[in-house]
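In what follows, every chain begins at residue 1, and chains take the letters A, B, ... in the order their sequences are listed.
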4 protein chains.
Amino acid sequence: MKGEETRRRIVESALELFSEKSYHDVSMEEIAKKAGLSKGGLFHHFPSKYDLARTVLFTLLDEWLENLTARLEGLSGREKLETLVDAAFELITTSPKLSRFFLELYEESLRLNKTADWDEFYGRYLGSVSSILRDAGARDPEKKALLLGALVDGLALHHLLSGGKLFEVEDMKEEVLRIMEG
Amino acid sequence: MKGEETRRRIVESALELFSEKSYHDVSMEEIAKKAGLSKGGLFHHFPSKYDLARTVLFTLLDEWLENLTARLEGLSGREKLETLVDAAFELITTSPKLSRFFLELYEESLRLNKTADWDEFYGRYLGSVSSILRDAGARDPEKKALLLGALVDGLALHHLLSGGKLFEVEDMKEEVLRIMEG
Amino acid sequence: MKGEETRRRIVESALELFSEKSYHDVSMEEIAKKAGLSKGGLFHHFPSKYDLARTVLFTLLDEWLENLTARLEGLSGREKLETLVDAAFELITTSPKLSRFFLELYEESLRLNKTADWDEFYGRYLGSVSSILRDAGARDPEKKALLLGALVDGLALHHLLSGGKLFEVEDMKEEVLRIMEG
Amino acid sequence: MKGEETRRRIVESALELFSEKSYHDVSMEEIAKKAGLSKGGLFHHFPSKYDLARTVLFTLLDEWLENLTARLEGLSGREKLETLVDAAFELITTSPKLSRFFLELYEESLRLNKTADWDEFYGRYLGSVSSILRDAGARDPEKKALLLGALVDGLALHHLLSGGKLFEVEDMKEEVLRIMEG
DNA sequence: TATGAATGAGTCTTCATTCAT
DNA sequence: GATGAATGAAGACTCATTCAT
């Protein structure tokens with residue numbers, strides 16, 4: 001499986017680059033070079049830049065969801081909720097550049113009329129998260145899951161735009177936790 | 001003031017274009033043509049595309065804020081809150097393409113390291129909105145104002161990405177109202 | 001002869017593709033997929049795209065010539081002439097996209113300095129056609145054969161370029177018949 | 001009129017290149033360099049390669065038609081006919097690479113579905129040439145004009161493909177003259 | 001025979017921006 | 001204030017072909 005290995009290397013290299021610079025500031029040439037193959041070879045594995053970026057992002061999100069599930073094992077309802085909110089905020093705060101990448105890919109999928117790409121992930125996310133919220137005894141867990149997603153993305157955005165000066169992450173986390181419990 | 005008039009025409013034309021197509025899919029050439037002047041002339045009025053787009057967006061946001069203030073005149077606390085949430089959702093739902101434009105400009109300011117551009121507007125927004133929330137008797141009005149901003153942007157984003165299938169706007173509005181009151 | 005069978009399948013698939021789209025718009029990848037083998041396998045049977053396309057075309061032309069010969073069996077001189085002209089026009093009118101393919105391959109052989117590829121077919125064509133013309137009592141049958149070839153190609157070209165609006169095929173056929181008889 | 005001058009220079013340079021090499025072997029980069037401006041500048045004047053090439057070709061054809069008209073001044077019917085056929089053959093024989101360029105552009109317009117581009121020229125050509133033929137007393141001048149066009153293109157093609165070995169130009173010219181008179 | 005990963009050279013095109021007039 | 005010619009840097013993508021397996 002030479003191909004699988006190369007593919008992995010490409011996705012990794014792309015992720016590194018996308019966490020450093022804007023989507024539009026990363027070229028396929030650059031990714032190819034970093035992954036140690038030719039531009040043509042890169043396109044052999046991914047038919048388009050958007051396609052590659054989408055793979056990168058969804059790989060990340062899937063890992064996040066998996067990781068979250070693992071962390072919840074054996075926790076109480078209340079603890080589950082805290083862990084969920086923690087994990088959501090980690091997504092924002094660990095690498096600010098990465099949330100930018102999220103945003104950029106959102107936009108790119110809008111631009112290319114590929115919003116359908118998100119349906120499947122949304123389904124998975126809502127399934128997992130609303131079940132966590134249900135376990136934690138939250139009212140209207142589906143709506144809460146939606147709210148959490150929107151809040152996290154919105155907060156990430158404003159966090160980025162204000163250079164982190166707009167709010168204290170810990171403060172906000174508490175606030176969000178309160179909303180989720182509500 | 002011939003210049004003022006031309007400027008206005010440019011901003012208007014740009015707004016129309018930006019509500020139709022993606023930021024990156026609108027060229028300065030196109031804007032110039034629509035505004036009825038040459039590319040050179042356009043750059044005479046706005047030093048860069050980003051600068052023009054920012055003007056467009058902030059003009060819009062300022063109008064929104066002004067309009068909101070006017071609508072609040074003479075209302076009770078509770079009514080003020082409802083009006084605020086209504087107005088926030090109008091921003092999302094009136095023109096979906098426009099929220100895309102917001103998102104794109106957010107991103108562009110990140111790319112160009114111009115995030116400071118938002119400070120002034122944030123200040124004005126937080127001032128106005130938190131005072132509304134305070135009047136309405138909300139606990140922790142500053143934090144609430146932040147949350148509202150994030151929620152609205154996040155919801156707009158997910159609304160766009162799901163093609164409106166993710167949630168019922170009215171449902172969400174109620175939920176948000178509840179949070180603001182909380 | 002597994003190989004022969006595969007070869008045939010390739011040529012058939014390529015022909016189908018070349019009658020749908022321009023030579024340059026058909027990729028070896030596409031042909032391979034349609035023929036049900038890999039790109040590498042395709043190149044195993046044909047050393048180059050041009051080589052494959054040439055095979056496709058000459059197969060077609062050979063079939064045409066063979067078919068023509070068969071149709072002439074037992075006809076009078078005058079009938080032979082009519083059949084010849086008919087057959088020539090069939091080549092143009094049956095599939096317009098196909099005459100485009102002719103043209104494209106002509107050009108490609110010029111580009112690759114492979115014009116010698118045509119010598120053999122020309123020889124065969126001129127031999128067959130001029131003998132038909134001679135039987136039909138035409139003056140200067142060799143020159144007539146040349147003229148017929150040129151006319152057919154030229155008419156095919158203009159037919160294509162005008163979308164068939166330039167002339168009535170039947171009208172032209174009569175005119176050409178008159179020339180051949182002249 | 002700096003622009004007009006540049007445009008002329010571009011068309012000239014492109015013509016030189018297109019008479020040396022195949023359409024696909026000439027790059028816009030190359031044309032720009034030869035014309036002494038940047039690639040961007042080139043695209044400022046011609047929105048696409050095809051567009052430029054079309055301009056080059058039609059400029060040439062228009063000049064040919066104009067030149068022909070001038071040469072016919074004061075000639076007798078028979079002389080007009082001879083001059084017409086001469087001029088047509090000159091188009092083929094003067095620069096073989098040029099007729100290749102014709103062919104290539106024909107093909108490109110087919111590929112890009114731009115065949116309508118030829119309508120106007122066809123109209124002009126048929127008008128001029130059929131009136132010459134009418135003056136010369138030819139039967140069915142419109143059909144003859146069509147035939148002449150097809151013959152010239154077809155002969156050019158075969159001339160190219162055979163490297164000039166297929167026929168003697170002068171011989172063919174006589175033959176064509178005879179057809180036109182017929 | 002066949003696979004498919006990899007190459008590498010090449011292409012058109014886009015566009016914000018500058019500047020001489 | 002305005003024009004439009006010109007720049008230059010970039011960028012995604014294509015594809016015939018080769019080759020190790």
Side-chain angles (χ1 to χ4, degrees), chain A residues 1-7 10 24-32 35-52, chain B residues 2-3 5-7 24-33 35-53 112, chain C residues 2-3 6-7 24-33 35-53 112, chain D residues 1-7 10 23-32 35-52:
Chain A
M1 296 295 114
K2 193 93 180 309
E4 264 317 299
E5 164 53 20
T6 306
R7 232 184 117 89
I10 292 171
H24 289 290
D25 288 336
V26 173
S27 71
M28 288 300 263
E29 177 103 53
E30 217 173 342
I31 297 171
L37 85 173
S38 69
K39 228 192 308 185
L42 177 52
F43 277 93
H44 177 69
H45 290 280
F46 295 93
S48 74
K49 184 181 182 181
Y50 171 74
D51 203 87
L52 167 54
Chain B
K2 190 91 178 313
E5 165 52 21
T6 305
R7 232 183 115 88
H24 288 290
D25 289 337
V26 173
S27 69
M28 289 299 263
E29 177 103 53
E30 217 174 341
I31 297 171
K33 187 178 292 173
L37 84 173
S38 71
K39 236 198 293 194
L42 177 52
F43 275 90
H44 189 74
H45 288 277
F46 293 92
S48 75
K49 183 182 183 181
Y50 170 74
D51 202 87
L52 166 54
L112 303 176
Chain C
K2 191 91 180 312
T6 305
R7 232 183 116 88
H24 289 290
D25 288 337
V26 173
S27 70
M28 288 299 264
E29 177 103 53
E30 218 174 340
I31 296 171
K33 186 178 293 173
L37 85 173
S38 71
K39 236 197 296 194
L42 177 52
F43 274 91
H44 190 74
H45 287 277
F46 294 91
S48 74
K49 184 182 184 182
Y50 171 73
D51 202 85
L52 166 54
L112 303 176
Chain D
M1 297 292 114
K2 193 92 180 311
E4 264 317 299
E5 165 53 20
T6 305
R7 232 184 117 89
I10 293 171
Y23 176 79
H24 288 290
D25 289 336
V26 173
S27 70
M28 289 299 264
E29 176 104 53
E30 218 173 342
I31 297 172
L37 85 173
S38 70
K39 232 193 304 189
L42 177 51
F43 276 93
H44 178 68
H45 288 279
F46 294 93
S48 74
K49 185 181 183 181
Y50 171 74
D51 203 87
L52 167 54

Give the rounded distance in Å between these two atoms: CZ of D:F46 and C1' of E:dT14.
18 Å
More 5' along DNA chain E: D:Y23 or B:V26, using each one's nearest nucleotide?
D:Y23
In whole Å, what is the span from the OH atom of D:Y50 to the P atom of E:dT13?
13 Å
Rounded to the nearest angstrom, tell me the gap between atom NZ in C:K33 and atom P in E:dA2.
19 Å
Here's a test of your reading of the structure: between D:G36 and C:H24, which maps to the more 5' nucleotide of DNA chain F?
D:G36
Want to settle it: does D:L42 or A:K49 sit nearer the 5' end of DNA chain F, counting the closest nucleotide to each?
D:L42
Nearest to the A:S48 side chain among F:dC13, F:dA16, E:dT13, which nucleotide is it?
F:dC13
What closest approach, in Å, do D:F46 and D:I10 show between heavy atoms, and which atom pair accounts for it?
CE1-CG2, 3.7 Å
Nearest-Å distance for atom pair CZ/P, residues B:F43 and F:dT7
17 Å
What is the separation between atom CG on D:L52 and atom C1' on E:dT11, rounded to the nearest whole Å?
15 Å
Can you measure from CZ (C:R7) to NE2 (C:H44) and round to the nearest 0.5 angstrom?
11.0 Å
Applying side-chain contact (heavy atoms from CB on, under 4.5 Å) to C:H45 and C:L37, what does each step give before you reach the verdict?
CA-CA 11 Å; C:H45 287 277; C:L37 85 173; 4.2 Å; yes
Sub-3.5 Å pairs of nitrogen or oxygen atoms, protein against nucleotides 4-6 of chain E:
unit_1	atom_1	unit_2	atom_2	d
E:dG4	N7	C:G40	N	3.4
E:dA5	OP2	A:H44	NE2	2.7
E:dA6	OP1	A:T6	OG1	2.9
E:dA6	OP2	A:H45	NE2	2.5

Between D:D51 (CG) and E:dC12 (P), how many Å, whole number?
14 Å
Rounded to the nearest 0.5 Å, what separates atom CD1 in A:I31 from atom OG in A:S27?
7.0 Å
Figure out the CG/P separation between A:D25 and F:dA9, and round it to whole Å.
16 Å
Taking only residues two or more places apart in sequence, or in another chain, which ones meet A:K49 in a side chain to side chain contact (heavy atoms under 4.5 Å, CB included)?
A:Y23, A:M28
Symbol by symbol from the 5' end, with Watson-Crick or G-U pairs under 3.5 Å, [ ] crossing and | another strand, DNA chain E is .||||||||||||||||||||
Using the P atom in both, what is the distance from F:dT21 to E:dT1, to the nearest Å?
23 Å
Rounded to the Å, how far apart are D:M28 CE and E:dT14 C1'?
13 Å
